[in-house]
Amino acid sequence: MKKPSTGRVARLGACAAVAGLVTVGLTAAPALADSDQLWVTATPWQLVLPKASETGPQPAPTTLSLRLNHDNAANQVVDGKLTVDVSGLAGIADVTWPENCAPADATTAVCAVSDIPLSGEDSTDKVRVQVRAAVGAAVGATGRISYRATATTTTGEQLTAGENWTDVRVATGPDLALAPVPGSTGVAPGATVPVPVSAVNRGDQPARGVRVTYYVTRGLTLNGLAPQCVSAPAGWGEGPIHPVTKVDCAYGDVVQPGGTFTLPSPVTATVAAYGLQERVDIGLEALDGAEDLQPEDNGAIKSVGVTNTADFAVRGARLTGAAGETVTAQVTFRNRGPAWVANLGSGDPVGRVDVTIPQGATATGVPDTCQPRTADGGWWEGEERTGAPRYQCDLPIWVAEQQTLNLPFQLRIDTVVTGAKGAVVVRPPYGDERLPFDPKAANDKAKIVLNPAA
């Protein structure tokens with residue numbers, strides 16, 4: 001089946017893989033308050049199973065994790081029933097049902113799901129089906145697991161997720177599965193945190209050498225790296241500041257099926273004085289270029305939440321001019337630090353600057369990063385970007401400490417209004433709440449004043 005998009009992928013580099021998801025249902029998100037849609041989410045979105053041994057120990061089973069989600073936050077959804085049909089695996093793979101599944105016949109089970117959160121949220125009540133290639137199944141053999149689901153809202157509405165499937169294939173090769181890496185929170189600048197790397201080969205063939213790749217955000221420095229590791233900027237823009245560093249490490253270990261790979265010495269990360277929302281994306285692969293059977297489990301993210309602040313501030317302008325004259329209002333944003341701020345995983349801007357045009361003036365030139373809005377912040381229906389009463393200016397996805405950005409607005413004075421004022425406010429990228437890392441509210445606002453009174 002085709003893998004649909006499930007939103008922005010949170011990763012810094014191609015080798016830092018994250019678990020694949022596929023979500024299936026019948027329709028798009030509901031438009032009516034009393035409507036809802038049930039979805040089945042499968043991880044991974046397709047299964048590649050190592051070939052079974054004819055005589056020796058068998059590879060470890062692969063887990064297919066299923067959960068239910070729904071769309072409407074106004075509803076509470078209960079009594080989920082997930083039907084899993086493995087008749088398409090005959091002669092290809094064997095299945096072990098979890099405790100929350102009741103076999104209906106030789107190839108079908110109905111699984112009870114009580115926790116059904118909103119779409120995009122994780123669930124505490126998953127169905128974990130163990131799947132292993134059948135003895136005698138040849139490399140390249142394919143099969144299919146089908147599933148459908150029902151649930152009920154507390155108002156009595158019956159929800160149905162359409163039938164869909166997960167494709168299964170038998171293959172041969174290594175399958176390096178990276179162990180989860182716990183995150184760290186409340187870390188002080190200057191402190192050091194562990195960055196553990198451990199993997200198991202779940203495949204049926206050895207991994208002849210292991211390549212470990214780190215993508216490290218600017219506020220962290222890795223310690224304890226092997227001498228052969230090579231570091232370079234990860235290519236996130238030009239200039240003297242590199243928000244991400246790529247570290248490539250090759251090890252000659254041969255990891256046999258069922259064997260474990262660990263680093264020869266522990267790796268740690270030290271937080272810089274300007275650290276805030278930091279992360280290390282870790283990926284690994286077999287060094288000889290052998291295809292990994294299940295690349296979705298080859299990556300992990302070490303998140304590091306730093307106890308620090310970043311003082312975002314804006315500055316407006318005071319200008320004078322006659323009717324018909326055009327003046328430049330140089331709106332300025334500055335991150336006064338001490339921390340830098342980056343949304344490298346989500347790709348969202350770190351914030352936005354809202355600019356309201358003073359009465360009696362028209363914006364005839366605006367920065368490229370600024371989008372026109374109505375006076376109350378709604379969508380601007382004008383054909384041109386100029387002439388709107390208000391502008392929303394997206395900041396970059398990262399700003400360094402002490403970095404300044406200029407936003408020049410060309411304002412034509414149509415009518416002289418003494419002391420006409422426009423507002424300048426820095427806000428989060430979405431919503432109107434205060435920025436959680438900003439310690440000072442007073443300098444989040446400024447004014448553009450045209451022809452101030454004497």
Side-chain angles (χ1 to χ4, degrees), residues 239 309-337 340-341 343 348-454:
T309 60
D311 181 16
F312 279 12
V314 289
R315 186 174 62 199
R318 293 173 65 86
L319 305 165
T320 59
E325 186 178 351
T326 298
V327 295
T328 300
Q330 190 72 267
V331 174
T332 303
F333 162 84
R334 184 174 178 82
N335 175 17
R336 298 181 179 273
W340 81 311
V341 181
N343 288 333
D348 291 329
V350 296
R352 74 179 194 266
V353 177
D354 276 356
V355 178
T356 302
I357 305 303
Q359 182 183 359
T362 299
T364 58
V366 299
D368 291 339
T369 58
C370 300
Q371 300 302 317
R373 295 289 184 264
T374 61
D376 60 0
W379 290 105
W380 173 249
E381 300 295 341
E383 296 182 359
E384 303 291 337
R385 293 176 62 245
T386 55
R390 182 174 172 180
Y391 287 86
Q392 177 179 304
C393 305
D394 285 342
L395 296 172
I397 64 172
W398 66 272
V399 291
E401 68 285 1
Q402 307 306 323
Q403 181 176 349
T404 297
L405 298 171
N406 294 318
L407 299 169
F409 283 80
Q410 302 295 317
L411 303 181
R412 185 186 66 228
I413 301 175
D414 301 316
T415 303
V416 174
V417 178
T418 301
K421 296 180 178 65
V424 179
V425 185
V426 62
R427 306 182 190 274
Y430 309 107
D432 294 326
E433 300 81 8
R434 285 204 55 218
L435 293 155
F437 49 77
D438 190 342
K440 298 180 181 178
N443 57 12
D444 292 350
K445 299 180 181 180
K447 294 178 181 178
I448 300 173
V449 183
L450 291 181
N451 294 305

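As the structure is a prediction and not an experimental result, all values here were calculated from the model.
One distance of note links CG of L405 with OG1 of T332; it measures 9.0 Å at 0.5 Å rounding. The CH2 atom of W379 sits 7.5 Å away from atom CD of Q392, with the distance rounded to the nearest 0.5 Å. From D348, atom CG reaches atom CD1 of I397 across 9.0 Å, with rounding to the nearest 0.5 Å.
Closest heavy-atom contact between G431 and R352: O-NH1, 3.0 Å. The two residues A388 and R373 make their nearest non-hydrogen contact at CB-O, 3.7 Å. The two atoms that bring R385 and P367 nearest to each other are NH2-O, 2.7 Å, heavy atoms only. What you find for A361 and L411 is that their closest heavy atoms are CB-CB, 4.5 Å. When all heavy atoms of A310 and V341 are compared, the closest pair comes out as CB-CG2, 3.5 Å. Between V350 and P429 the shortest heavy-atom distance is O-CD, 3.9 Å.
Looking at residues two or more places apart in sequence or on another chain, you find a ring-ring contact (aromatic ring centres under 6.0 Å, His included) between Y391 and F409. Residues satisfying the salt bridge (charged side-chain N to carboxylate O under 4.0 Å, His left out) criterion with R390, sequence neighbours excluded, are D354. Contacts of N451 classified as side chain to side chain contact (heavy atoms under 4.5 Å, CB included), with partners at least two apart in sequence or in another chain: T320, I413, V416. Checked against salt bridge (charged side-chain N to carboxylate O under 4.0 Å, His left out), D394 has no partners two or more places apart in sequence or in another chain. Legend: residues meeting side chain to side chain contact (heavy atoms under 4.5 Å, CB included) with P389, ordered by chain and number and at least two apart, are A375, W380. Scanning for side chain to side chain donor-acceptor pair (under 3.5 Å) contacts around E401 gives R218, with sequence neighbours left out. Annotation: side chain to side chain donor-acceptor pair (under 3.5 Å) contacts of Q402 (sequence neighbours excluded): R334.
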Exercise for review: Go through V353 and L395 one step at a time and tell me if the side-chain contact (heavy atoms from CB on, under 4.5 Å) criterion holds.
Suggested key: CA-CA 7 Å; V353 177; L395 296 172; 4.0 Å; yes
Review point. Hey, mind stepping through F312 and N335 against side-chain contact (heavy atoms from CB on, under 4.5 Å) and telling me if it holds?
Key: CA-CA 5 Å; F312 279 12; N335 175 17; 3.7 Å; yes
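Dense packing is recorded around CG of D376, with more than 12 heavy atoms of other residues, nucleotides or ligands lying under 6.0 Å away. Within a 6.0 Å sphere centred on CZ of R427, other residues, nucleotides and ligands contribute more than 12 heavy atoms.
Sorted pairs that involve residues 318-331 and meet salt bridge (Lys or Arg N to Asp or Glu O under 4.0 Å), not counting sequence neighbours, are lacking altogether. Residue pairs meeting the ring pair (Phe, Tyr, Trp, His ring centres under 6.0 Å) criterion with at least one member in residues 348-373, sequence neighbours excluded, do not occur. Every pair passing side chain to side chain donor-acceptor pair (under 3.5 Å) that includes a residue from residues 434-446 is listed here, sequence neighbours excluded: D311-N443. Applying the disulfide (SG to SG under 2.5 Å) test to residues at least two apart or on different chains, the pairs with a partner in residues 362-454 are C370-C393. Screening residues 408-426 for salt bridge (Lys or Arg N to Asp or Glu O under 4.0 Å) gives R412-D414 as the qualifying pairs, with residues at least two apart or on separate chains.
Between V327 and L450, the closest side-chain pair of non-hydrogen atoms falls below 4.5 Å.
Q330 pairs in a side-chain contact (heavy atoms from CB on, under 4.5 Å) with only one of the listed residues (I448, N406, L319), which is N406.
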